[in-house]
Amino acid sequence: MLSDARLIAAKDLRIEASSRVLLTQVLPFGLMVLLLFGFGISPDRQVLGEVPRRSVLEQVSPGLFWITVLFAALLGLGRSFSIEAADGNLDGLRLGGLDPAGIFLGKAAAVIVQLAVLEVIVGVGAILLFGVSLANVGLLAVTIVGATVAIGCAGTLYATLAAGQRVRETLVPLLVLPVLAPVLLGATQATEAALFGPVSDGWPWAGLLGAFALLYIAIGIVAFGSFLEES
Amino acid sequence: MDAVVLGLEDGWQYVVPGYAITFGLIGIYAVWVVRRGRKLSAELPDDERRFLD
Amino acid sequence: MSEASKSARPDGSNRPAVQLRSAVALLGSFPALAGVDLDVHHNDVALLQGPNGAGKTTLLRLCAGLIGPSSGTAMVLGQDVGSANGRRRVRRSVGLMGHSTALYDDLTVEQNVQFWAAASKAESETVVPALDRTGLAGRLQTVKVSALSAGQRRRTALAVLLCRRPSLWLLDEPHAGLDKDGRELVNGLVLEAKDAGATILIASHDLDWATSVATRRIDVVGGRVVEGTVVEDAVVKGTVVKDADA
Amino acid sequence: MTRVTTTQSEDAKSAKSKAPRDAFGTASKLTRVFGVAAFVLTSALLVFALVISPPEVIQGESVRLFYIHVPSAIVSLYLAFSITLVGSIIYLRKKSIFWDLMAGAAAEIGVIFCAITLITGMLWGRPTWGVYWKWDPRLTSTAVSFLLYVGYLAVRKLELPPHVRRQRAAILGIISFANLIIVRYSVQWWRSLHQGTTLDPVDTQLDGSMLFSFFLGMLAMIAIGAWLLVHRFRVAWMEERKAEQSLAAAIVERQSEGRS
């Protein structure tokens, strides 16, 4: 299972290395969304009664960051499955002798790695644009890992459910976003706690993210085979 | 608004639409389901469309 | 299951390689196959012929275990294609070349063949000979698939097929889009596979090329097999030339 | 109320109509029992909830929304989506088409009642909180659950061969229930950290005729839900039969291709 996963993940990452679609299209999209948030939420507005004084933008930056990641992840998932749908490649994967659980873990792992890179760059963008000062890197790292694995696994599972369907592009966001609502909550809360304190409030949320990630790894391993069958 | 004109007490202007929407929605859905059932049963042979219990 | 797995090997069983009984297969809600009865014996080279939309492609996909029959039975290489487990087992021992070539545009020819060989649990040593045999060795090897012509893509798909060493070959219009060399290559590979004991199904409109290797012709019309004729002499080359839409 | 009149007019029609051909519909003794129960209970509910029961001390008249808001939430989130879960599990074990259709019918009714829960909840919130939406944990998680099951219904409509679609729907029916629980608890946790206790529709203190109205609401919503479920299931069942028939016809037509 794990060697199959490695094969699939390596293939997806090699395709990205060669085509650079995520790097040249999805990443700029993410950065643009950050700018748009700045336009949408006036950057000069201050939060009242907070000590130290913060701009509204800084105050809500954790949520904005994770919403940006979520939207970018939808595009990344779309890409991850359009390379399989383009030329009957899903049939090829079915015909191969790979373990479906391995295919799931491989596709999810590739999405997770790419998303993690995107998160780091968009995160730097958010720090610069929204005037956030970095703190509690440990909690932030755990949050990013947990949330990214959760998004990658749940997203891959639901994207497969709609793979090969004409309505795929519109159906996947409808399916994935409600499922990922708790992840957005947890990631935002944990990030807020890491940046603005108190840190102790953040760890339970990071724990929730970890539990969610593990749950979706398990569901994916069990259910992916059925979703991959016939489409 | 209307509630004031009609002299309704505060709260009624939310209660009445609440009940109207609730039973209106159920009603529309019920009509849709029953009509669809009738239409389908007219298209099927007798033994496939009779529900006796 | 023990009985079925015994007959999974082409040798040591006289059960046909493909045995369909009243098999119905759906595309959405359309019955692309409307009750197919078909026996294809081991080591046959069967030519499926019939008009566009007759159900040839769906028949091949059914034999590949990519879809299951919605009614009737389908036994392929001794496995029941009606069950998910049977389909999974069948898929490993078939090689399908369809209209789509199942290649990744952004990978090179070599990377594609290597990936699919690994995904099919084929030995990695099979890659180089397969590239040689299909005429892709050398310059083309490191070209991205997106830069290939339709014929070169097909050759790449053939190389993947070679690596898989399937015991049942399912070729959907294998001659289409290929030059004369390519068509000869296809026929050569089919004959080699036959000599190695494989069973081959070819759906083709390119009758002059396909009949030259076929041992048997099967007519598919309206989602059914209407008649099957045995070609006594495998060299009937050039007798039927009416591939208007091939 | 409307749905009961439909049943009754249906009976009247079948008595009048000469050709009983189109008179069957999805009605039967069972639906009549549920239909009459729903009609009686709903009438009683309207009388008790809107006329007899008094306004509440704090909430005033808007407490009356409570008698339909909470019952529809229970019917939707606890009953309907549980039937979807159970139907999905049984389908996966026994491949029973009955339970696949039951799961789908229940989900659709659950979504309708979920919408009612949201609407009545917002209408309750406006006079109570001053705003339609206050990110109340129950209401917020209900909104997400609503979308979860809208997605489930969308998957049921995918153009796939029936057995493939059923399999996927069944798996999704199970995962969706897990998601429902996760969403519920994470949202509750989220809100509990950020605000003190607010007035929540479920915390309402009831007694006497108010409590009785609530029970009437519960029973009425269950009766309506059951009535709808039987009808909706039968519609799905007949759709299934019809699909079988048109498939049989399509096969005959397909076989005659190329013969003319």
Side-chain angles (χ1 to χ4, degrees), chain C residues 20-38 48-59 61-62 64-74 80-88 91 203 205 218-228 242 244-245, chain D residues 87-101 103-105 108 151-175 235-260:
Chain C
L20 307 180
R21 292 289 174 269
S22 316
V24 174
L26 303 180
L27 289 179
S29 57
F30 174 71
L33 297 184
V36 174
D37 293 293
L38 175 65
L48 301 173
Q49 52 186 32
N52 286 333
K56 302 187 293 293
T57 297
T58 310
L59 184 56
R61 286 174 61 83
L62 179 70
L66 283 172
I67 54 174
S70 73
S71 67
T73 59
D80 180 7
V81 176
S83 82
N85 286 332
R87 281 199 291 277
R88 222 161 278 160
R91 287 177 197 158
H205 290 290
I218 295 162
D219 286 309
V220 185
V221 175
R224 286 197 308 163
V225 168
V226 287
E227 66 185 71
K242 47 174 186 179
D245 52 359
Chain D
S88 302
I89 293 171
I90 298 180
Y91 175 77
L92 284 184
R93 295 195 146 195
K94 297 190 179 158
K95 303 289 168 207
S96 133
I97 293 175
F98 176 97
W99 282 105
D100 169 65
L101 298 178
E108 195 172 296
Y152 168 83
L153 290 178
V155 168
R156 292 193 67 92
K157 291 205 168 65
L158 287 181
E159 283 174 40
L160 289 166
H163 61 282
V164 182
R165 191 184 56 231
R166 287 196 190 103
Q167 176 88 7
R168 292 194 186 182
I171 294 172
L172 191 61
I174 296 170
I175 305 178
V235 166
W237 182 260
M238 287 199 292
E239 275 168 348
E240 197 70 22
R241 294 282 83 74
K242 204 185 155 200
E244 268 173 29
Q245 279 196 343
S246 46
L247 176 61
I251 288 175
V252 172
E253 193 188 332
R254 176 82 165 135
Q255 289 174 343
S256 66
E257 263 176 38
R259 286 238 191 97
S260 52

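These values consider heavy atoms only, across backbone and side chains, with no hydrogens, waters or symmetry-generated copies. Each chain gets a letter, A, B and so on, in the order its sequence line appears, and its residues count up from 1.
Side chain of C:Lys56 to main chain of C:Pro51: a donor-acceptor pair is present (N/O by atom type, distance under 3.5 Å, no hydrogens or angles). No donor-acceptor pair closer than 3.5 Å links the side chain of D:Arg166 to the backbone N or O of D:Asp100.
Remark: D:Arg241 engages D:Glu244 in a salt bridge, criterion side-chain N to carboxylate O under 4.0 Å.
Most heavy-atom pairs under 4.5 Å with chain D, from the set C:Ser70, C:Ala32, C:Gly35: that is C:Ala32. Contact count versus chain C (heavy atoms, under 4.5 Å) is highest, among D:Ile251, D:Val252, D:Leu247, for D:Ile251.
With a 4.5 angstrom heavy-atom cutoff, C:Ala84 does not touch chain D via any of its atoms.
Atom-to-atom distance recorded for D:Ile174:CD1 and D:Ile89:CD1 is 5.0 Å, nearest 0.5 angstrom.
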